There are 2 protein chains.
Amino acid sequence: MRLTTKGRYAVTAMLDLAIHAEDGPVSLNDISGRQGISLSYLEQLFARLRRCGLVSSVRGPGGGYQLSRATPEINVAEIVDAVNESMDATRCNKQGNCQEGFECLTHHLWLDLSDQIHEFLEKISLEQLISRNEIQQTARRQDGNNDNRIEAFLSEAAVNG
Amino acid sequence: MRLTTKGRYAVTAMLDLAIHAEDGPVSLNDISGRQGISLSYLEQLFARLRRCGLVSSVRGPGGGYQLSRATPEINVAEIVDAVNESMDATRCNKQGNCQEGFECLTHHLWLDLSDQIHEFLEKISLEQLISRNEIQQTARRQDGNNDNRIEAFLSEAAVNG
DNA sequence: TTTATTTCCTACTAATTCAGTCAAGTTTAA
DNA sequence: TTAAACTTGACTGAATTAGTAGGAAATAAA
């Protein structure tokens, strides 16, 4: 079992996508800028997310990615599953042949833990995440930085005619 | 966050220790034979378990390892913590500086998940594990193999005088 | 006192995965 | 037609895993 940057980045990016869904397709370049994730790495992650049917892509200028389903219909577990192998805690992939064809002494413990983790992550939808206070604050901070850049660009444009 | 063979072996070995506690100190060689874990690897794991005060050692012939506390007083979480870094799911070790000094968009999600996992594993003591049916069965199977070997040895000894 | 058994300690290694880069493509709106 | 944007595959340095190897120290038993 593992949860690494890969799975964490995927959820973060999907959440960014959900937050900025109103503006049409979101480019990986924008996500990269806001979330501090390298563009090339995002490309790899979204290839998997697309293959699992979680997002759809729009190519060409003005294109980007969109969620395939509404935010209440996407939960964190499936995002992590899409990019990470899984959150399975057993060694035997739940086969029960962990020690010479038989169950190891702790097989059922890890089975229970796997269920526990999966249930927890399954219960959390993107919509629920968006509605959380801390996340809205963080999102505003990230967008604020972006707005500042836009403002700076616009005022400069005004000066230059 | 990760749960690998290291953490799983540690819990398995501690459980083996708990099950055979009545026979006095348990040697790593015995555990290695019963649980199919390499002796050298066990030595590394028990060095950490000893440093964390979970087991005490008796050197010399007939020696081995003993639990430092009674089985209800040892839970799975502390065993995993002793050998694995931790089951912390955040990237920032709960510091909240995951993205350029600020919290990343999903910081609180991973914080909650970490708590969830830790609480779950904390609630499970070695005593609870021992009392589980599947574990008793597995233990009997493992000891059975061992008993067969002892029987074979004894009957051979009888033949040889 | 010797010997066998056991823990203790350090160093090494092959394989895997992570996290990310690089370089070439293809699509398609403007 | 052109450039923005996605797509794909190969590659890489660093870290971690899952061990192995070899010996030193302690100690109970012969």
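What you see is a predicted model; the values in this text were computed from it and never measured. Throughout, a chain's letter reflects where its sequence line sits, starting with A, and its residues are numbered from 1.
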Whole-Å distance, B/I37 CD1 to D/dA18 C1', equals 12 Å

Does B/R59 contact C/dT7 through a side-chain donor or acceptor facing the base, at a distance under 3.5 Å? yes

In whole angstroms, the gap separating C1' of D/dA5 from CD of A/Q66 amounts to 14 Å

Check your understanding: Are A/S38 and C/dA19 close enough that a side-chain N or O sits under 4.0 Å from OP1 or OP2?
Key -> no

| said: Tell me if the side-chain of B/Q44 makes a donor-acceptor pair with the base of D/dT20, cut-off 3.5 Å, by modelled atom types. | reply: yes

A/L3 atom CG is separated from C/dC18 atom P, nearest whole Å, by 11 Å

Check: Does a nitrogen or oxygen in the side chain of B/Y65 sit under 4.0 Å from OP1 or OP2 of C/dC8?
Finding: yes

Rounded to whole Å, CG of A/L49 lies from P of D/dC6 at a distance of 14 Å

message = For a quick test of reading the model: is some side-chain N or O of A/T5 closer than 4.0 Å to OP1 or OP2 of C/dA19?
response = yes

Separation of D/dT8 atom P from A/R48 atom CZ, nearest Å, is 13 Å

Taking every heavy atom of B/L54 against every heavy atom of B/I74, the minimum-distance pair comes out as O-CD1, 4.2 Å

Does A/S27 make a side-chain N or O approach to OP1 or OP2 of D/dA4 shorter than 4.0 Å?
no

Taking the side chain as everything from C-beta on, heavy atoms only, tell me whether A/D115 gets closer than 4.5 Å to A/K94.
yes

>> Over all strands shown, is B/Y9 touching base, sugar-phosphate only, or nothing at heavy-atom distances under 4.0 angstrom?
In response: sugar-phosphate

* Heavy atoms under 4.0 Å, any strand shown: does A/R50 hit a base, just sugar-phosphate, or nothing? -> sugar-phosphate

Only one of B/L126, B/L129, B/I130 passes side chain to side chain contact (heavy atoms under 4.5 Å, CB included) with B/I19, and that residue is B/I130

Do B/E43 side-chain and C/dC8 base share a donor-acceptor contact under 3.5 Å? yes

A/L42 CG to D/dT8 C1', in whole Å, measures 16 Å

The residue, B/A47 or A/L39, whose nearest nucleotide of DNA chain C is more 5′ is B/A47

Query - Any donor-acceptor pair under 3.5 Å from B/Q128 side chain to B/S125 backbone - result: yes

* Asked: Side-chain donor-acceptor pair under 3.5 Å between A/T12 and B/T106, yes or no?
  -> yes

Between OH of A/Y41 and C1' of C/dT21 the distance, given in whole Å, is 12 Å

In whole angstroms, the gap separating C1' of C/dT17 from NZ of A/K6 amounts to 7 Å

